[in-house]
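Along the sequence shown, the residues carry numbers beginning at 1.
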Amino acid sequence: VFADVPAAFAAQAGVGAKATVRVPDRGGREFAGAVTRTAGVLNPDTRSLRVEVDLPNPDGWLRPGDYALVRI
């Protein structure tokens with residue numbers, strides 16, 4: 001899952017940070033994961049940090065393009 005973290009919270013979104021991902025349009029199921037990669041710099045246009053959260057998805061429930069809420 002890719003997420004853009006506002007600059008005010010970027011310091012807490014380092015590699016290894018725990019994350020919870022929820023997909024509201026599909027019943028609100030939550031998945032636990034962790035930040036595995038960050039862009040390392042803030043996007044100057046949006047003042048946000050792009051992070052990647054890896055999640056287990058053995059049953060394929062998560063689909064590419066799903067909208068999700070990420071809590072780090």
Side-chain angles (χ1 to χ4, degrees):
V1 173
F2 294 100
D4 295 316
V5 178
F9 304 104
Q12 290 87 19
V15 172
K18 293 181 182 179
T20 303
V21 176
R22 185 167 58 90
V23 183
D25 291 345
R26 301 191 56 215
R29 185 172 169 188
E30 289 191 351
F31 295 83
V35 174
T36 54
R37 293 166 206 82
T38 76
V41 296
L42 294 176
N43 179 321
D45 295 327
T46 62
R47 302 298 300 156
S48 62
L49 175 70
R50 171 63 57 102
V51 301
E52 188 173 340
V53 175
D54 282 355
L55 303 168
N57 189 30
D59 59 0
W61 193 88
L62 292 167
R63 302 176 300 200
D66 278 343
Y67 176 81
L69 300 172
V70 179
R71 185 175 59 236
I72 298 175

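For the pair Arg71 and Arg22, the minimum side-chain heavy-atom distance is 4.5 Å or more.
Considering all non-hydrogen atoms of both residues, Ala34 and Gly16 come closest at CB-O, 4.3 Å. Nearest heavy-atom pair across Ala32 and Pro56 is O-CD, 3.5 Å. Nearest approach of Pro24 to Ala68, heavy atoms of both residues: CD-CA, 4.4 Å.
Sequence neighbours left out, the pairs with a member in residues 38-52 that pass side-chain hydrogen bond (donor to acceptor under 3.5 Å, both in side chains) are Asp4-Arg50, Arg37-Glu52, Thr46-Ser48. Identified under the salt bridge (charged side-chain N to carboxylate O under 4.0 Å, His left out) test for residues 7-21, with sequence neighbours left out: none.
Annotation for Leu55: hydrophobic cluster partners, listed by chain and number, are Val1, Val5, Phe9, Val21, Val23, Phe31, Val35, Leu42, Leu49, Val51, Val53, Trp61, Leu62, Val70, Ile72 (ILVMFWY side-chain heavy atoms under 4.5 Å, direct or chained).
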| message | One pair to check against salt bridge (charged side-chain N to carboxylate O under 4.0 Å, His left out): Arg29 and Asp59. What are the steps and the verdict? | response | CA-CA 13 Å; Arg29 185 172 169 188; Asp59 59 0; 3.7 Å; yes

